[in-house]
S.K.: 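Below: one structure in structure tokens.
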Amino acid sequence: MSTVPPVGPALRRLTVLAAAQAAAWQPRIGHAVRTHVTPLRALGSPRHTTLPGSRQRAEHDHALVSAGSVAALLAGVLLVAAPGTASAQTVRPTTPGSSAFTVPQAEVPSAGLVQVAGPSPYKLPDDGDSAQQFVAVAANLLPLEPPAPQPEPAAGPAPEPGPGPAPVPGWSAPVPNAPTSNPYGKADRGYAAGYHTGVDFAVSPGTPLLAVGDATVVSAGWDGAYGKEVVLRLADGHFAQYAHMSSLAVSAGRRVSAGERIGLSGSTGNSTGPHLHFEIRTSNRYGSVVNPIAYLAGHGVTDF
């Protein structure tokens with residue numbers, strides 16, 4: 001919306017412009033007045049006093065027409081001289097692309113534009129086709145469309161494997177791949193516990209015996225009915241007992257690793273023939289035992 005200038009300066013400019021226009025039109029106005037002055041006098045006589053078809057009636061009617069022409073001419077001069085009036089402006093009808101709510105299709109509507117309704121399918125003046133294709137609807141009226149799927153990111157090279165967890169201590173059978181001759185838990189009145197507290201591996205004398213896990217040697221020596229024996233304290237707190245050995249390769253307090261040789265098999269103590277009596281104990285005392293085969297299998301040992 002245009003602002004209204006102060007009244008004083010605007011009136012002065014209008015007066016100057018009107019005077020200039022009047023000076024330019026003065027010769028024409030004078031000529032028109034002189035040409036029609038006589039007929040204008042005829043306006044002084046009442047029209048009803050003249051007879052139809054008489055010369056006085058014709059002069060009276062001609063004077064009315066001439067006066068109207070002069071008045072129209074003077075009004076036109078004033079309207080042209082007054083800028084900003086409705087007659088001084090050119091008013092064009094709204095066409096596609098010129099209204100507040102439509103723009104050429106190639107352009108994007110303003111983000112703040114609110115269109116109350118979609119454009120109607122009006123016709124172009126010189127074209128029989130619909131002008132709808134030349135109208136862009138504001139973004140708030142456009143139908144919602146699902147977002148275009150984004151391309152999957154290209155698979156990069158596999159990351160380098162980082163340091164894994166600390167390796168679990170290795171485990172081993174006391175005599176790998178040796179057959180068993182007397183299972184754990186078998187009832188027998190000959191034993192103080194009333195059952196077999198370990199498992200017997202049928203091996204020849206002098207067969208290497210291995211530590212079943214990383215451990216510390218608790219004892220290594222003679223132990224009555226068990227003959228020569230070695231007891232290991234394993235990393236998880238259990239104890240491994242080897243009995244009826246022919247020779248010992250370790251001593252108390254020594255650290256051993258899984259699979260390390262601790263001595264040789266034999267038939268010492270209360271034994272009827274060469275074999276290894278092997279126990280897994282929860283504490284280092286007689287009778288506090290668990291199934292040694294099941295215990296080793298739980299640690300991944302299967303070669304027995």
Side-chain angles (χ1 to χ4, degrees), residues 165-304:
V168 178
W171 296 86
S172 172
V175 188
N177 300 312
T180 59
S181 57
N182 192 12
Y184 166 81
K186 181 179 179 180
D188 191 334
R189 294 181 180 180
Y191 300 117
Y195 63 93
H196 192 212
T197 55
V199 60
D200 291 342
F201 290 94
V203 291
S204 302
T207 302
L209 305 179
L210 309 180
V212 294
D214 295 343
T216 302
V217 178
V218 176
S219 61
W222 185 268
D223 188 15
Y226 286 106
K228 292 181 179 181
E229 71 165 6
V230 171
V231 177
L232 305 178
R233 180 182 177 88
L234 300 170
D236 63 357
H238 286 74
F239 294 85
Q241 185 211 34
Y242 302 74
H244 309 304
M245 298 173 65
S246 61
S247 65
L248 310 178
V250 295
S251 58
R254 178 177 169 178
R255 294 283 301 172
V256 295
S257 301
E260 184 177 344
R261 191 177 71 171
I262 60 172
L264 302 176
S265 65
S267 188
T268 59
N270 188 5
S271 173
T272 57
H275 71 283
L276 168 65
H277 176 85
F278 178 77
E279 294 183 8
I280 292 292
R281 298 176 174 179
T282 58
S283 63
N284 191 20
R285 62 185 180 87
Y286 178 77
S288 58
V289 292
V290 296
N291 186 334
I293 298 299
Y295 174 83
L296 293 177
H299 291 282
V301 179
T302 58
D303 54 344
F304 38 67

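None of these values were measured; they are calculated from a predicted model.
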S.K.: Of all residues at least two apart in sequence or in a different chain, which pass the side chain to side chain contact (heavy atoms under 4.5 Å, CB included) check with I293?
M.R.: V199, F201, N291, F304
S.K.: Just grab all the salt bridge (Lys or Arg N to Asp or Glu O under 4.0 Å) pairs involving residues 285-301, residues at least two apart or on different chains.
M.R.: none
S.K.: Do D200 and L276 have side chains that get closer than 4.5 Å, going by heavy atoms?
M.R.: no
S.K.: Considering non-hydrogen atoms only, spot the tightest contact between A220 and A252 and give its length.
M.R.: CB-N, 4.4 Å
S.K.: Test: salt bridge (Lys or Arg N to Asp or Glu O under 4.0 Å). Region: residues 292-304. Which pairs qualify, not counting sequence neighbours?
M.R.: none
S.K.: State the OG1-CG distance between T302 and N177, to the nearest 0.5 angstrom.
M.R.: 8.5 Å
S.K.: Of all residues at least two apart in sequence or in a different chain, which pass the side chain to side chain contact (heavy atoms under 4.5 Å, CB included) check with A249?
M.R.: none
S.K.: Can you name the residues that form a salt bridge (charged side-chain N to carboxylate O under 4.0 Å, His left out) with R254, not counting sequence neighbours?
M.R.: E260
S.K.: Is V250 close to V256 at the side-chain level, that is, under 4.5 Å between some pair of heavy atoms?
M.R.: yes
S.K.: Please round to the nearest 0.5 Å and tell me the distance separating atom OH of Y242 and atom CD of E229.
M.R.: 12.0 Å
S.K.: Would you give the length of the straight line joining atom CG of N270 to atom NE2 of H244, rounded to the nearest 0.5 angstrom?
M.R.: 6.5 Å
S.K.: Identify the heavy atoms of R281 and S283 that sit nearest to each other, and give their distance.
M.R.: CB-O, 3.1 Å
S.K.: Closest heavy-atom contact between F278 and L296?
M.R.: CE2-CD1, 4.1 Å
S.K.: Which heavy atom of L210 sits nearest a heavy atom of G259, and at what distance?
M.R.: CD2-O, 3.5 Å
S.K.: Restricting to side chain to side chain contact (heavy atoms under 4.5 Å, CB included), what partner residues turn up for S247, sequence neighbours left out?
M.R.: L264
S.K.: Measure the shortest side-chain to side-chain distance between P174 and I262 over non-hydrogen atoms and say whether it is less than 4.5 angstrom.
M.R.: no
S.K.: Closest approach of S172 and V301, non-hydrogen atoms and distance?
M.R.: N-CG2, 3.8 Å
S.K.: Work out which heavy atom in T272 is nearest to a heavy atom in S267; give both atom names and the distance.
M.R.: C-OG, 4.5 Å
S.K.: Under 4.5 Å between any side-chain heavy atoms of S246 and P205, yes or no?
M.R.: no
S.K.: According to the side-chain hydrogen bond (donor to acceptor under 3.5 Å, both in side chains) rule, which pairs have a member within residues 215-226, sequence neighbours left out?
M.R.: T216-R255, Y226-E279
S.K.: May I ask you to decide if S265's main-chain N or O and T207's side chain share a donor-acceptor pair within less than 3.5 Å?
M.R.: no
S.K.: Tell me the salt bridge (Lys or Arg N to Asp or Glu O under 4.0 Å) pairs involving residues 262-271, sequence neighbours left out?
M.R.: none
S.K.: For residues 178-192, which side-chain N or O atoms pair as donor and acceptor with protein atoms under 3.5 Å away, sequence neighbours left out?
M.R.:
{"unit_1": "N182", "atom_1": "ND2", "unit_2": "H196", "atom_2": "ND1", "d": "3.3"}
{"unit_1": "D188", "atom_1": "OD1", "unit_2": "G190", "atom_2": "N", "d": "2.8"}

S.K.: Name all residues meeting the side chain to side chain contact (heavy atoms under 4.5 Å, CB included) criterion together with S251; count only those two or more places apart in sequence or in a different chain, and write none if there are none.
M.R.: none
S.K.: Please list, chain by chain and in numerical order, all residues satisfying side-chain hydrogen bond (donor to acceptor under 3.5 Å, both in side chains) with D236, sequence neighbours excluded.
M.R.: H238, Y295
